[in-house]
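Below, read A as the first sequence line, B as the second, and so on, with proteins coming before strands; counting in each chain starts at 1.
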Amino acid sequence: MDPVLEVKDLKVGVDTGKSVQSVLDGVSLRLFPGKTLGVVGESGCGKSMTALATMGLLPDRFAVTGGSITLAGEDLLAAKPSRLRQLRGNAMSMIFQEPMTALNPVLTVERQITEVIELHQKKSSAEAREIALEMLRAVQIPGPEDRLAAYPHELSGGMRQRVMIAIALACRPKVIIADEPTTALDVTVQAQIFRLLRDLQMQTDTAIMLITHDLGAVAEMADDVAVLYAGKCVESGTVEAILGAPAHPYTRGLMSCTPRLRLGAAANDPQAEGLGEIPGMVPPLGRFPKACRFAPRCALADDRCHTDTPPTYETAPGHSALCWKPTAEKAVA
Amino acid sequence: MTDTTATLPQSGPEPIGPKPAHPVTEFMRAFARNQSAIIGLVLLAIMLGTTFIGPFLYPVDPYSMVDLPFAPPGGEYAPLGTDYLGRDMLAGIIEGGRATLAVGAAAAVISVVIGILVGSFAGFFGGAVDAVLMKVTEFFQILPTLLLAMVLVTIFGASLVTITFAIGAVSWPQVARLARAEFMRIRKLDYVAAARTSGARNAYLIFRVILPAALPPLIVAAGLAVGAAILFEAGLSFLGLGDPNTMSWGLIIGQNRNYLLDAWWTVTLPGVAIFITVLAISLVGDGINDALNPKLRRR
Amino acid sequence: MKHFRSSTLAAAVALTLGGLFAPAQAETLVVGTTQVPRHFNGAIQSGIATFMASSQIFASPLRYDGNWNPQPYLAKSWDVSDDGLSVTLHLVEGATFHDGEPITSEDVKFSIMTIKANHPFQTMLAPVVDVETPDPLTAVIKLEKPHPALLLAMSPALMPIIPEHIYGEGDIQQNPANLAPVGSGPFKFVEYKQGEYYKLAKNEDFFLDGLPKMDEVIVQIIGDSANLVLATERGDIDMVPFMSGIRDVQRLEKADNVEVSDAGYDAVGALNWIAFNTKKAPFDNPAVRQAIGYAINKDFILQRLLGGVAKDSTGPITGTSPLATDDVEKYAFDLEKATSLLDEAGLTPDGNGIRLSATIDYIPGSPEIGRNVVEYMRTQLKQVGIELEVRTAPDFPTWAQRIANYDFDMTQDSVYNWGDPVIGVDRTYISSNIRKGVIWSNTQQYSNARVDELLAAAAIETDQTKRAELYKEFQQIVVADAPILYINEVPFYTAYKKGLTHLPDTIWGAVSPWDQVEWSE
Amino acid sequence: MPPLVKKLASAIGLLLAVVVLNFLLIQLAPGDPVSVIVGEMGGASEDLIAQMRAEYGLDKPVWLQLLIYVGKICTGDFGFSYYFKQPVLNLILQRLPATILLVVSALVLAVVIGTLMGIFSAKKPKGILSHFVTIFSLVGYAAPVFWTGLMLLILFASIIPMFPVSGMMNVRGNDTWYGAVLDVLHHLVLPAVTLASIYIATYSRLSRASMLDVLGSDYIRTARAKGLNERRVVFGHALRNGLIPVVTMIGLQFGQLFAGAVLVETVFNWPGLGRLAFESILRRDYPTLLAILFFSAILVMVANILTDLAYGRIDPRIGGPRRKKAKPRAAGATQ
Amino acid sequence: MKPLLDVRDLKVHFPLASGQTVHAVDGVTFSVNEGDSFGIVGESGSGKSTTAQALMRLVDPVAGTMQLEKHDLSSLDGEPLRTIRHMMQMVFQDPYSSLNPRLRAGQAVREPLDLMGLGPVRGRENRVDEMFRQVGLHPDAKRLFPHQFSGGQRQRLCIARAMVTEPRLIVCDEPVSALDVAIQAQILNLLKRLQKDKRLTYVFISHDLAVVQHICTHVAVMYLGEFVEQAPTGQLFAAAKHPYTWSLMAAALSPDDRSRAGARFTVTGEPPSPINPPKACRFAGRCPFATDRCRTEKPALRDFGNGHRVACHYAGELTPPLPELAATA
């Protein structure tokens with residue numbers, strides 16, 4: 001099967017006025033129809049930049065400096081701005097983190113949904129309204145007829161995120177990029193949103209790029225995973241491979257840092273008490289180590305890690321890690 | 001104690017974290033990048049220099065007649081011409097600048113002090129205090145400022161002091177609103193709560209914690225208030241309510257207003273002086289504002 | 001700054017716009033003024049603004065020519081009894097008010113009694129005891145003593161004949177007809193747009209045949225004199241009476257299509273002077289007052305400050321009055337004399353060369369004759385060691401309050417003669433008119449028994465020559481005593497569009513009927 | 001609508017305060033109207049003065065004068081102008097339309113020009129255009145308004161005589177109603193532009209700041225992610241949000257606009273309330289002055305209420321009719 | 001043993017401009033023993049942060065008592081309140097806004113000592129150094145400004161500031177929810193270590209069950225201003241009895257466990273507004289087990305032994321929809 005979206009060796013830099021700093025350095029991702037790719041990492045690792053670069057919405061001073069992004073065979077980096085506008089909201093759309101601020105406060109729900117339909121599908125406003133209503137039903141908003149005339153502030157956070165999803169799905173895009181779509185929501189609502197996304201994905205065969213810092217969310221949603229660290233994709237593979245047998249020390253560190261809920265009998269298991277730690281923090285832009293970027297925080301790092309760029313090590317077909325010692329797993333955690 | 005700390009990673013004076021410049025440095029840089037703000041700063045320096053160093057460089061008595069009335073600029077005795085009494089315009093503008101700037105600065109200080117007091121108490125305490133203070137503010141805002149100032153000056157006499165107080169007394173509501181908004185915003189920040197839990201009294205919270213944080217926009221407002229007060233004074237003088245015994249730019253305009261058609265310089269030149277000064281203040285104010293605006297700074 | 005019409009664009013735009021807004025040139029007279037009338041009833045209100053309107057709307061028993069000669073108006077003739085105690089007016093026949101009601105002697109009586117009771121010029125009709133009306137066209141004014149000023153007081157500005165049937169009821173001060181007047185003058189009132197203009201229309205039934213010439217008179221009120229000048233230059237305004245701004249006069253003199261004339265206005269007699277508080281040391285010493293008189297260079301004021309436009313004033317009676325004399329002390333500029341007078345008065349300079357510090361006030365509103373003169377004096381008197389502080393009043397009431405309550409050392413002031421000295425001159429000098437709190441009374445608190453005597457005698461002296469003699473002595477005393485230093489006559493000019501003729505150039509200037517004003521071809 | 005009722009109640013309270021304050025202020029003033037009238041009459045006797053004082057009620061105690069005044073205002077009687085010899089209400093109603101016309105046209109000019117300038121400079125905050133806009137808009141702000149007026153007057157009424165010098169209408173009259181309208185507009189140009197010139201900077205600065213804010217917001221990113229072009233992003237999504245502070249400012253500034261009108265009306269001889277106010281102050285015509293302050297306060301309040309209504313239309317979060325109950329997030333209860 | 005903190009029937013209401021009242025905290029009762037850490041878990045709008053603020057007297061309760069040792073926090077005010085503030089300190093959620101940007105790190109930590117006049121003036125600087133070391137910061141960092149620290153380091157500073165007065169009680173309001181997972185682990189471990197070393201007492205607010213389980217000895221589950229269930233940690237996670245607790249547990253995601261994906265127990269809807277909370281069971285509207293009784297009758301907080309209290313009419317009678325709990329039930 002061909003990937004619907006392929007990011008190859010993407011490089012993004014930011015012009016700080018004095019020099020161009022690397023933000024993303026050779027990120028490669030493949031997104032398949034009907035599948036979900038989880039992109040994980042701490043803040044500052046370049047997850048959102050990857051998403052924005054794909055959408056062609058990089059902020060001022062940020063620019064793609066290398067690599068390619070192909071959407072259904074079309075080179076997005078070569079596309080004209082007008083073509084990109086045609087694709088945005090149509091073939092690819094995006095869901096943002098903050099449903100509170102991502103909707104225009106002064107426009108009705110109807111307007112915000114129909115706008116994208118009228119723009120890309122050249123429908124009349126009556127038709128667009130029908131589709132909008134359909135979309136609201138699809139995202140399981142109760143009383144969709146009433147909600148059309150509502151303003152965002154009249155909706156709860158979960159409802160707003162549903163509206164965002166309705167907007168994103170309105171033109172049946174091939175790809176949806178969901179940038180931390182549930183971070184701002186309560187856990188019970190997060191569960192609802194994830195379920196909804198999965199259901200809709202099954203119906204539409206849309207590919208989803210789920211950007212998250214939460215390995216739990218990855219486990220819940222993703223088929224494939226890419227782990228980003230300091231602008232590099234340090235590990236990628238299927239969700240089973242990565243969560244089951246993480247190869248990169250960073251991935252393993254993240255796994256150990258995540259507190260697990262222990263229910264039932266496990267609740268009183270004193271063995272599970274400990275919480276792992278990754279010392280230090282993600283290096284800021286422009287201060288990325290030269291060789292392995294994770295080396296300063298890595299307990300396994302030796303001199304080689306600090307001096308030589310690590311190779312891509314394929315632990316299994318489709319599962320690769322950017323590390324000198326991918327097999328030294330489990331030795332430390 | 002020591003055994004636990006030993007195992008913790010010690011973050012040294014050179015934290016690994018991002019090392020942004022100090023806000024003040026950052027601010028200076030942003031300001032320096034703003035060309036119009038720099039132009040404003042230069043203009044302001046020129047005007048201040050003219051006013052305060054001018055008398056030493058150009059020691060002509062602004063009150064004495066040096067030439068025939070209405071001698072045009074470029075004349076032998078008065079480079080910028082003379083006014084209706086044959087007094088030197090340049091000396092008048094140098095002399096008038098001091099009063100004008102003094103009125104402007106003093107009135108701005110008055111309005112800013114009242115405004116900050118009212119605004120900070122309203123914003124800090126909220127509730128009934130806020131309601132009462134804001135009613136008072138609203139009350140002052142629905143009265144046309146100039147009219148009110150005219151009444152005040154008429155009642156208490158046209159002297160620089162009363163004019164200054166009148167201007168200050170009618171222009172504080174804007175500052176108060178700004179201060180209130182800032183206080184309301186900042187008092188919700190956790191570090192204010194933290195200071196309270198650290199045992200800070202209200203006065204400490206208001207003046208030592210919140211006020212310094214609210215100050216930057218208020219400083220800009222104060223700067224702009226100086227400009228506004230200068231214009232205000234000019235307006236009063238134009239209407240004949242200026243202090244006749246102290247030369248100010250507004251007074252020069254007001255007194256020569258009737259001769260505008262025949263002696264353009266008598267009105268135009270002090271007008272230009274006001275214009276440049278207020279323009280410079282505004283440009284600098286805008287520059288500070290922009291430099292303080294993180295959204296703009298990042299660009 | 002001459003008109004800059006060479007710019008084709010500007011000219012084109014001006015033409016287009018001018019075409020759009022072209023005025024209807026039909027016999028309309030647009031008069032510009034800075035004065036805002038409070039209302040139009042000159043029987044109870046003084047001031048140029050009201051007089052100007054009132055003189056057009058109301059007719060009066062007499063009117064004057066340019067040489068102080070009375071002319072018939074509503075009264076086709078009049079007789080003064082030999083004892084001077086009664087004046088009989090014979091009214092023209094068939095004259096009517098604008099509402100068609102005939103004018104009778106009852107209206108004359110009503111008007112005179114109303115004026116006596118309400119007009120601010122209290123001395124004007126004070127000797128009138130009664131008006132008898134033997135028949136509708138005859139009115140006999142009865143006086144308690146001879147009153148030679150009466151004839152001047154019957155001028156259009158001062159004695160409008162107002163219809164009793166309109167103004168007779170209720171409090172005349174609040175009569176609505178004050179703002180919508182009904183008179184019998186050459187023009188009828190049409191409308192008053194507060195603060196903008198008032199419009200008058202030709203009185204078709206005017207009792208003087210063939211008059212007025214104009215179909216319509218619009219008096220446009222432009223508060224700012226610079227604007228008025230601009231508008232006149234542009235030709236928006238046909239006539240500007242009572243122009244006193246020196247620069248304005250000079251500017252309009254240079255304008256292509258405008259003429260400026262100072263004809264008329266003799267009777268108005270507006271004098272500009274510096275008054276002393278003669279009860280306050282050291283100004284209670286005539287020598288000090290005289291010293292200041294000698295220390296001022298009046299020539300500088302007249303030529304430089306007032307641009308040669310204003311005439312010198314040497315005494316209390318306006319120079320053009322038949323009762324005036326120039327045989328008085330002239331106070332020629334003489335600093336030495338000034339200093340020696342000051343020395344004599346015991347005012348010696350201190351360490352800083354200051355002999356005396358005093359305040360000087362001025363009437364707000366007329367900067368050229370007020371503030372400028374005073375500012376000049378401040379600079380000038382420094383030379384003789386007198387330090388003046390100029391006190392500015394924000395508005396007229398503040399100034400009036402100070403002066404009327406004797407809270408001043410010196411003040412600039414301008415006071416009008418209004419024709420006969422009895423009306424406008426006596427009030428300043430008679431000791432019985434020292435009335436605290438009343439402005440334009442004898443606020444100098446000047447008191448001289450001989451002056452009181454002379455003025456009392458002159459008020460009832462019917463022989464013109466003898467009367468002039470009495471006034472001559474009065475003028476000499478007052479000028480020598482110097483409770484007041486006379487600076488200049490306030491210049492009144494009329495600016496008008498070329499082609500306008502028969503302008504009001506009588507002794508009353510523009511506060512007389514404009515019935516003969518017309519456009520020449 | 002209870003909020004509106006509340007607003008009105010508060011407005012009435014404020015108006016009452018305005019009346020009381022002004023009355024008390026003016027009591028402090030030196031010189032009463034009788035001394036003015038007497039002065040202008042050329043002097044009068046003590047009897048007449050006393051009589052006039054009684055006539056105008058000036059002999060009563062201050063508090064009684066105030067009570068009488070407040071009572072009369074409640075019945076719509078604003079007293080009798082000592083100076084102009086007519087009911088104050090007449091005077092004001094005659095002048096009010098001119099002022100409203102001037103102030104509203106200036107406001108519209110300032111808001112439209114200022115906002116457009118603000119939007120353009122917000123789009124490219126560091127561009128040449130942005131600097132130009134900043135400086136240009138500040139020209140009007142930094143120059144004293146009367147000075148601007150005088151300069152425009154000389155330029156466009158004398159040197160290039162395109163516009164009339166003063167007044168609101170050609171006194172010679174107009175033949176047709178449209179001629180009259182054009183004539184008024186012709187007279188309006190210079191005063192309105194002058195008055196607007198002060199506020200263009202305010203609005204361009206404000207809309208620039210708010211547009212900068214809005215253009216950086218999440219929902220603008222959403223709009224771009226929808227594939228909208230820049231024009232629709234700016235005018236369809238950003239503008240309405242960016243206008244919210246502008247609308248607030250309109251309400252807040254109305255009082256100052258009115259104050260500016262005092263100067264502009266004086267310069268251009270515009271027959272409005274502002275000039276009347278100036279004349280009344282100089283003439284100590286207290287009833288007129290009080291009524292002007294009162295009416296200007298009403299004007300400002302009406303402007304504020306209109307602003308609030310406009311607010312509700314622009315920003316659905318504030319005011320306006322609600323179909324369904326919103327779920328407001330409680331202050332302090334957020335986490 | 002007398003508890004260190006004893007809260008009874010605490011209520012915090014906020015009036016709105018519209019005249020309505022927000023029932024942010026509506027009668028919560030709990031006590032915390034010295035050395036324990038009491039977790040309050042709930043979704044946004046549940047009132048858990050307001051509870052924390054009320055404990056710190058940053059907001060004023062409308063009813064109830066809060067006894068900290070011998071002091072009744074709810075009745076103190078002004079100066080008396082100020083003088084006991086050193087006994088209780090707070091760590092805030094957002095490390096960026098909880099440090100005054102104008103104070104150097106050292107001043108920030110020292111400020112409580114100066115303001116409350118704690119300890120000898122000369123010893124204060126040493127005390128600050130010691131606090132820096134305890135939270136894992138080098139004392140040389142005292143001269144830096146907050147913006148020169150990372151989020152995790154700032155949170156360490158906040159912890160140092162909270163501990164400098166040697167408080168009896170530290171209220172942690174979501175201290176790690178703004179941090180990345182790796183930093184979160186560092187801070188959690190630090191808090192835990194400090195507690196163990198210094199026998200600190202925490203009230204720990206969080207929306208994350210796993211975090212609460214990790215750090216707390218007792219847990220209360222809060223919903224719409226009320227506690228619906230509270231118990232010692234082990235007991236709660238082994239045998240939760242309230243459907244709402246179950247829904248929170250079910251919604252928690254784990255990287256280890258993909259099995260429940262898709263088959264997860266979820267409740268519908270979102271918490272209703274705290275302005276007019278339902279009169280009866282506040283969770284009834286979203287509860288899949290709700291009956292008419294739940295919608296009309298307010299469930300009492302019933303004790304199931306060992307301090308396990310549940311506010312549900314059917315507590316103990318329902319089968320948990322979570323396999324782990326069902327196994328132990």
Side-chain angles (χ1 to χ4, degrees), chain A residues 48 51-52 54-57 59-60 81-108 111-113 115-120 143 146-147 149-157 159 163-164 167-168 170-171 173 176-177 179 186, chain D residues 122-127 130 210-248 310-330 333-335:
Chain A
S48 290
L52 293 176
T54 308
M55 291 293 288
L57 290 176
D60 288 358
S82 60
R83 175 63 187 155
L84 269 181
R85 279 204 298 271
Q86 277 174 13
L87 293 173
R88 278 204 291 270
N90 192 11
M92 54 181 180
S93 53
M94 192 155 175
I95 303 169
F96 296 100
Q97 177 176 356
E98 281 286 343
M100 300 296 167
T101 56
L103 290 172
N104 193 329
V106 303
L107 299 180
T108 59
R111 181 75 206 124
Q112 301 197 45
I113 303 178
E115 181 177 54
V116 66
I117 300 167
E118 287 169 26
L119 180 71
H120 294 299
D146 296 337
R147 297 295 179 187
Y151 287 96
H153 72 277
E154 296 170 303
L155 303 177
S156 65
M159 287 299 161
V163 171
M164 275 306 295
I167 294 171
C171 295
I176 287 184
I177 300 175
D179 187 357
D186 285 323
Chain D
K123 281 294 293 171
K124 289 221 160 53
K126 299 272 153 141
S130 179
S210 95
M211 285 301 278
L212 277 173
D213 226 40
V214 168
L215 287 174
S217 66
D218 284 359
Y219 54 83
I220 292 305
R221 200 177 47 180
T222 306
R224 293 204 172 109
K226 283 175 173 177
L228 300 180
N229 60 29
E230 274 305 292
R231 196 174 49 81
R232 285 187 65 169
V233 168
V234 171
F235 290 98
H237 281 256
L239 184 58
R240 247 178 92 179
N241 287 286
L243 277 181
I244 291 169
V246 173
V247 171
T248 317
Y311 226 44
R313 293 200 58 89
I314 290 182
D315 188 350
R317 286 164 295 188
I318 301 155
R322 269 297 124 70
R323 289 164 306 98
K324 278 237 164 77
K325 252 277 194 51
K327 179 199 163 198
R329 299 233 149 216
T334 49
Q335 271 130 28

So, the part of A:I167 with a heavy atom under 4.5 Å from chain D: the answer is side chain
Non-hydrogen atoms of [X] and [Y] that approach each other most closely:
{"X": "A:E115", "Y": "D:K226", "answer": "OE1-NZ, 3.0 Å"}
{"X": "A:L107", "Y": "D:R240", "answer": "CD2-NH1, 4.1 Å"}
{"X": "D:Y219", "Y": "A:L103", "answer": "CB-C, 3.4 Å"}
{"X": "A:P105", "Y": "D:N241", "answer": "CG-OD1, 3.2 Å"}

4.5 Å side-chain heavy-atom contact, A:L119 and D:L228: yes
side-chain contact (heavy atoms from CB on, under 4.5 Å) partners of A:L52, counting only residues at least two apart: A:L57, A:L58, A:P59, A:M94, D:R221
For residues 91-102 of chain A, which residue pairs pass the side chain to side chain donor-acceptor pair (under 3.5 Å) check, not counting sequence neighbours? A:T101-D:D218
